Every structure is written in structure tokens, then in C-alpha cells.
Amino acid sequence: MGARKGSESHEVEDNVRPAARSRLSRRSFLSGSGVLLPAFALALWPRAAQAGQKKSRTLPPPPADLPGHVNYLARQLLGVPLDESQPITGQVQKLVVDHFEEWLGSRASPAGSPARGNDSPGDVQVRRELESVFAQLHYPLYAWPRTFVRPWKGATLTGVGYTLGWSDYDRANVVALFETREGKARLAGLTNFVPHTDLHYEFPAPPPSGDFWFLVYGTRLGKSQPRLSVMLYSFDGHSLKSLWEVRDAYDGKIDVGRNWVTIRYLKEDEYIRETAHRRKPPRYEATYVATPQGLTLQSEHEIPF
């Protein structure tokens with residue numbers, strides 16, 4: 001009995017010792033890993049930092065020419081939501097506006113010149129110059145130039161506008177108004193109209209004050225119907241400001257006269273309800289008339305679809 005007990009105790013001791021050794025080895029591994037892991041992370045840190053630095057330096061410098069520089073910036077818009085695009089679209093806007101202020105100034109006739117009657121490039125020249133600025137853009141990038149040239153109180157007002165887009169929905173608008181007078185051109189006003197739309201102009205009769213009025217309108221894509229937005233701008237020789245607007249008229253259509261604006265539209269909830277029952281929804285027509293302060297609603301009524 002004693003001998004067997006002794007042999008059993010030796011077996012137990014033999015089993016305990018390897019277990020203890022295994023526990024020690026795990027402890028030593030874990031304690032060692034506590035030292036090794038930070039050291040490993042520190043060893044990798046310079047490489048990660050270098051990789052980040054290399055990644056931030058992947059973009060080459062922009063081309064020296066204006067069309068190349070605009071294309072260089074526009075390509076960075078791909079995949080960027082419109083509400084996060086301003087840092088890039090703002091740079092494009094500055095390039096375009098600065099270029100046209102210089103370009104118009106270099107082509108203005110000096111004061112007293114026989115060519116004073118035509119002291120600024122015409123609409124076709126301005127549009128072609130704007131097209132050349134965006135000449136290097138390719139699908140899915142696009143730019144739609146919209147320009148005008150109008151006489152006003154002995155000066156020439158030049159509108160340089162464009163829609164810069166990188167998808168059917170992501171579109172940024174710019175309208176810059178330049179005044180050329182006595183051989184000098186200056187930026188007189190700047191607006192971004194409404195995001196997501198295209199650009200068009202109309203020119204109602206001037207108000208009694210003689211200020212320069214112009215309408216800007218455009219449509220954006222909707223889930224089922226396009227949405228029309230319209231704004232009336234006024235320039236008094238000092239600043240450009242908005243006097244009146246209509247936003248997101250559902251399936252809106254616009255007609256412009258000398259002293260009135262008519263907008264035909266649908267009401268979205270009615271359109272959804274009636275088309276669900278395979279019926280034609282009612283359409284509405286709103287007429288606005290000019291006042292010294294802008295445009296005011298004269299009438300609004302239902303019309304046939």
C-alpha cells in the first residue's frame with residue numbers, strides 16, 4: 001500500500017509539474033506580449049506615418065494652363081456629395097471669375113476711344129471663352145455655359161454663368177455679373193442660384209428705378225417629375241440682390257412677359273393620389289405681376305391637365 005501510494009504521489013507530482021510549467025509558460029508569454037505588442041506597434045508606426053505621407057502626396061501639382069487646372073480640380077469632385085463639394089467648386093469658381101475679370105478688362109475700349117460704343121465682347125465671344133475654360137472636362141464631368149451681354153446706363157453688363165456637374169443630380173451653379181464702364185471691367189455681383197439645377201435667363205422690363213432686373217430659372221431632377229426654381233435678381237449699380245423666388249415647383253413650366261411671369265405646376269400629393277387611381281391630376285397656373293419691389297401674385301387657379 002505504502003509503495004503504491006508513493007508511486008501514485010510521484011505520478012501526481014509528475015502531472016502537476018508539467019501543468020505548472022505550462023501555466024508559467026503562458027504567463028511568461030502573456031507578460032512578454034505586453035512588452036512585445038507596444039514595441040511592435042512602435043516599430044510599425046513610422047511605416048504607417050510614411051505610408052500616410054506618401055498617400056497625401058499622390059496628387060501631382062495642377063497644370064499651369066487654366067483649362068487644365070479647372071479639369072484637375074473637377075476630377076476631384078467624382079464621388080463627392082454636393083453638400084461636401086464647396087472647397088473644390090469654390091476653387092473652380094475663383095479661377096473662372098478671376099479669369100473673366102482680367103479677360104473682360106483687357107478687351108474693354110479705353111475711355112474716349114472711337115470704339116466706346118462697343119467696349120465689351122459680345123455674347124458669342126463670352127460664351128466661347130467660357131466654353132474654352134471647361135474644354136478639358138469629359139464624362140461624367142460636364143459644364144453648361146450660360147452667358148449674356150446687356151447695355152445698362154452707359155455701361156455693359158456681362159453675365160458669366162455655368163452649371164458644373166459630376167452626376168445627373170450633383171450640380172453647382174455660378175452666375176457672375178461684370179460691369180464694364182469707361183474702359184474698366186469689375187466684378188459687380190456673384191450668386192450661386194439654386195443647387196442641383198441648370199441655368200436659364202430671362203429679362204423683364206426694368207422697374208421705374210432703372211435698376212437692372214433679370215430672371216434666373218432652372219430645373220432639377222425629381223423622383224417622378226422635374227422641379228422648377230426661379231429667382232428675380234436686381235442690380236442697382238452697387239450690389240446684386242434677390243427680390244423674389246419660387247422654389248421646387250412640381251413639374252413647373254414658366255412663361256415670361258415684359259411685366260409678368262406665369263408658372264404652371266402640379267401639387268405632388270394630388271399627382272400621386274390621382275395617378276394611383278389612373279386619373280389625370282389637376283394642374284395650376286399662378287401669374288405674378290411686376291411691382292417696384294419685385295413680383296407679386298396676381299392670380300392662381302386650376303387649369304386642365
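Side-chain atoms are counted along with the backbone in the values below, which use heavy atoms only and exclude waters and symmetry mates. Source: prediction; values computed, not measured.
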(request) Group every Ile, Leu, Val, Met, Phe, Trp and Tyr by side-chain heavy-atom contacts under 4.5 Å, then state whether Val160 and Leu66 land in the same group. (result) yes
(message) Could you see if Leu190 belongs to whatever hydrophobic cluster contains Trp103? Use Ile, Leu, Val, Met, Phe, Trp, Tyr and a side-chain cutoff under 4.5 Å.
(response) yes
For a quick test of reading the model, state the closest non-hydrogen atom pair linking [X] to [Y] and the distance between them.
{"X": "Gly122", "Y": "Val149", "answer": "C-CG2, 3.7 Å"}
{"X": "Leu130", "Y": "Gly161", "answer": "CD2-O, 3.2 Å"}
{"X": "Thr89", "Y": "Gln86", "answer": "OG1-CA, 3.3 Å"}
{"X": "Leu73", "Y": "Ile88", "answer": "O-CG2, 3.3 Å"}
{"X": "Tyr217", "Y": "Leu228", "answer": "CD1-CD1, 4.1 Å"}

Just wondering, do [Y] and [X] contact through their side chains at under 4.5 Å, heavy atoms?
{"X": "Glu302", "Y": "Arg283", "answer": "no"}
{"X": "Pro204", "Y": "Arg258", "answer": "no"}
{"X": "Tyr162", "Y": "Glu131", "answer": "no"}

(request) Share the residues that join Val124 in a hydrophobic cluster, the rule being Ile, Leu, Val, Met, Phe, Trp or Tyr side chains under 4.5 Å apart at the heavy-atom level. (result)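 None, because no other hydrophobic side chain comes under 4.5 Å of this residue.
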Are any side-chain N or O atoms of [X] and backbone N or O atoms of [Y], one a donor and one an acceptor, separated by less than 3.5 Å?
{"X": "Asp198", "Y": "Gly218", "result": "no"}
{"X": "Tyr201", "Y": "Arg146", "result": "yes"}
{"X": "Asn192", "Y": "Val174", "result": "no"}
{"X": "Thr275", "Y": "Arg278", "result": "no"}
{"X": "Gln136", "Y": "Asn71", "result": "no"}

(message) Please check if the number of heavy atoms outside His277 that lie under 6.0 Å from its NE2 is greater than 12.
(response)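 At most 12 heavy atoms, drawn from other residues, nucleotides or ligands, come within 6.0 Å of this atom.
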(request) Give me the one residue out of Val126, Leu157, Val97, Thr156 that meets side-chain contact (heavy atoms from CB on, under 4.5 Å) with Phe178. (result) Val97
(message) Run Lys253 and Asp251 through salt bridge (charged side-chain N to carboxylate O under 4.0 Å, His left out) and show every step you take.
(response) CA-CA 7 Å; Lys253 306 290 191 299; Asp251 194 35; 3.0 Å; yes
(message) Measuring from atom CD of Gln125 to atom OG of Ser120, what distance do you get when rounded to the nearest 0.5 angstrom?
(response) 8.5 Å
(message) Hydrogens and angles aside, do Gln91 and His69 bring a side-chain donor and acceptor to less than 3.5 Å of each other?
(response) no
With a 3.5 Å cut-off and sequence neighbours excluded, list the donor-acceptor pairs that the side chains of residues 235-246 form with protein atoms.
| residue | atom | partner | partner atom | Å |
| --- | --- | --- | --- | --- |
| Asp236 | OD1 | His238 | N | 2.8 |
| Asp236 | OD1 | Ser239 | N | 3.0 |
| Glu245 | OE2 | Arg247 | NE | 3.1 |

(request) Please test Lys153 against Glu179 for salt bridge (charged side-chain N to carboxylate O under 4.0 Å, His left out), starting from the C-alpha separation and ending with a verdict. (result) CA-CA 11 Å; Lys153 293 186 176 181; Glu179 181 184 27; over 6 Å; no
(request) May I ask you to check whether Phe214 and Phe148 place their ring centers less than 6.0 Å from one another? (result)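 Ring centroids of Phe214 and Phe148 are less than 6.0 Å from each other.
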(request) Compute the ring centroids of His196 and Tyr169, then answer whether they are less than 6.0 Å apart. (result) yes
Check residues 75-84 and write down every donor-acceptor pair under 3.5 Å in which the side-chain atom is one partner and the other belongs to a residue at least two apart or another chain.
| residue | atom | partner | partner atom | Å |
| --- | --- | --- | --- | --- |
| Gln76 | NE2 | Tyr72 | O | 3.4 |

(request) Test Arg220 against Asp248 for salt bridge (charged side-chain N to carboxylate O under 4.0 Å, His left out), laying out the working first. (result) CA-CA 8 Å; Arg220 68 174 178 87; Asp248 286 338; 3.0 Å; yes
(message) Is the positively charged end of Lys267 above the ring of Tyr250, judged by distance under 6.0 angstrom from the centroid and angle within 45° of the axis?
(response) no
